There are 2 protein chains.
Amino acid sequence: MRWNELDQADCPIARALSILGERWTFMILRDCFFGVHRFEAFQANLGISRTILRDRLAHLVQAGILVQRPYQERPIRYDYVLSAKGKALNGVMLMLGEWGQTAVDGQPETQVRHRHQTCGHVLTPYVACAECGEEVVAKDVRAVRAG
Amino acid sequence: MRWNELDQADCPIARALSILGERWTFMILRDCFFGVHRFEAFQANLGISRTILRDRLAHLVQAGILVQRPYQERPIRYDYVLSAKGKALNGVMLMLGEWGQTAVDGQPETQVRHRHQTCGHVLTPYVACAECGEEVVAKDVRAVRAG
DNA sequence: TATAGTCAGTTTATAAACTAAACTCACTTA
DNA sequence: TAAGTGAGTTTAGTTTATAAACTGACTATA
């Protein structure tokens, strides 16, 4: 399998990564969740090269994860905002942040936290099963690979 | 910020991506969760170049996400297995797969599913708040960025 | 009205990362 | 003895990423 054939893979993780798995893409999306939505702001925040930023934004727009919303004409300029498909990545982002927080050590104490508005607490996210509502831990999950 | 300075970032997502954000790394870990743990098996499964596979495995071992376990001596050969830190990525993997399943369309119906052993159902994972136990949706989360 | 500044790019040259294919080494099995 | 296996390493070539300067269509300031 070559990297650019990942989108045809028979695995949802592989297909997700065909869109998200390139360098910087997750970082751009993280910024989107933080409310960043302009080219210059992404560039200044990430220090990413403009060429790559242009490519990644185009890819995300074409994949339907970001939507371009014009905020001025002459010259036409766009905000890049999360679509529904993009917002659906919220769970992935939260779990990724939680893992980074607890598992990646030796780093300065982070200053980024999330607050759960509905209950008012600082958010500690976990993955639960929609059927039984219980927390899902690795040892209780069995992959079923048909075909 | 350059890509290789990401590990010093003041954001848990950035730090997570300093380890996981390179091409193929997530795919290798996916295979680990499916029970793959030998060099040749990763290589055959992913079709990744051996050079990159070697680099990624070394990086994951050095980051404490995979552990080398010798299964023979003369010549010494290792299984690469998930450490506790690696297993803690389970939630990220599940949410990534769930997103790939529901949000990335136009692809052949996937044949990979998960079963939740404790309740017996096919798993539909969601992210919940440890304080109130409710499902966490994007609009109810506010990032708090100190400093 | 000139001058500078902003925003979202594009261009170009250079550096780093990835890939395929062949090769090595220490064994095992037929 | 010859072939095979498993985990790499080497090499040469291709693809990506990067920094820095440039463009174009404006807007704000002196």
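From a predicted model like this one, the values you see are computed outputs, not experimental measurements. Note on naming: letters A, B, ... go to the chains in the order of the sequence lines (proteins, then strands), and numbering restarts at 1 for each one.
Contacts of B:R54 with the nucleic acid, taken as non-hydrogen atoms under 4.0 Å apart, involve only primed sugar atoms and P, OP1 or OP2. Note on B:R74: only backbone sugar-phosphate atoms sit closer than 4.0 angstrom, heavy atoms only; bases stay farther off. Note on B:F42: nothing from the nucleic acid sits closer than 4.0 angstrom, heavy atoms only.
Side-chain contact check for B:H121 versus B:H116: every heavy-atom pair is 4.5 Å or farther apart.
The separation between B:R50 atom CZ and C:dA22 atom P is 13 Å, rounded to whole Å. Rounded to an integer number of Å, the gap from A:R2 CZ to C:dA20 P is 5 Å. We find that CH2 of B:W3 is positioned 12 Å from P of C:dA17, with the value rounded to whole Å. When the P atom of C:dG9 is taken as reference, atom CG of A:L53 falls 8 Å away, rounded to whole Å. Atom pair A:Q43:CD and C:dA8:P shows a separation of 11 Å (rounding to whole Å applied). Atom CD1 of A:I76 and atom P of C:dA8 are 11 Å apart (whole Å). In this structure, the CZ atom of B:F39 is 8 Å from the P atom of D:dA7, given to the nearest Å. The separation between B:L46 atom CG and C:dT19 atom P is 11 Å, rounded to whole Å.
Contact of B:R38 with D:dA7 (side chain to base): no donor-acceptor pair of N or O atoms is detected under 3.5 Å.
Using bins of under 30°, 30° to 60° and over 60° for the plane-to-plane angle, the ring pair A:W24/B:W3 lands in the perpendicular bin.
Taking for each of A:P75 and A:I52 the nucleotide of DNA chain D with the nearest heavy atom, the 5'-most of the two is the partner of A:I52. Residue order along DNA chain C, read from the 5' end via each residue's closest nucleotide, puts A:L57 first among A:L57 and B:R77.
For A:Y80 and C:dG9, the shortest distance from a side-chain N or O to OP1 or OP2 is below 4.0 Å. Taking 4.0 angstrom as the limit, B:R23 places none of its side-chain polar atoms (N or O) nearer than this to OP1 or OP2 of C:dA17. Regarding contacts with the backbone of C:dT19, a side-chain N or O of B:W24 is found under 4.0 angstrom from either OP1 or OP2. Phosphate contact (OP1/OP2 of D:dA7, side-chain N/O of B:Y71, threshold under 4.0 Å): present.
In this structure, B:R56 is not positioned above the aromatic face of B:F42 in the sense of NZ or CZ being under 6.0 Å from the six-membered ring centre and within 45° of the axis.
No donor-acceptor pair under 3.5 Å is formed between the side chain of A:R113 and the backbone N or O of A:L123.
Side-chain atoms of B:S49 lie closest to C:dA20 of the nucleotides C:dA20, D:dA19, D:dA7.
Donor-acceptor pairing under 3.5 Å is recorded for the side chains of A:E22 and A:H59.
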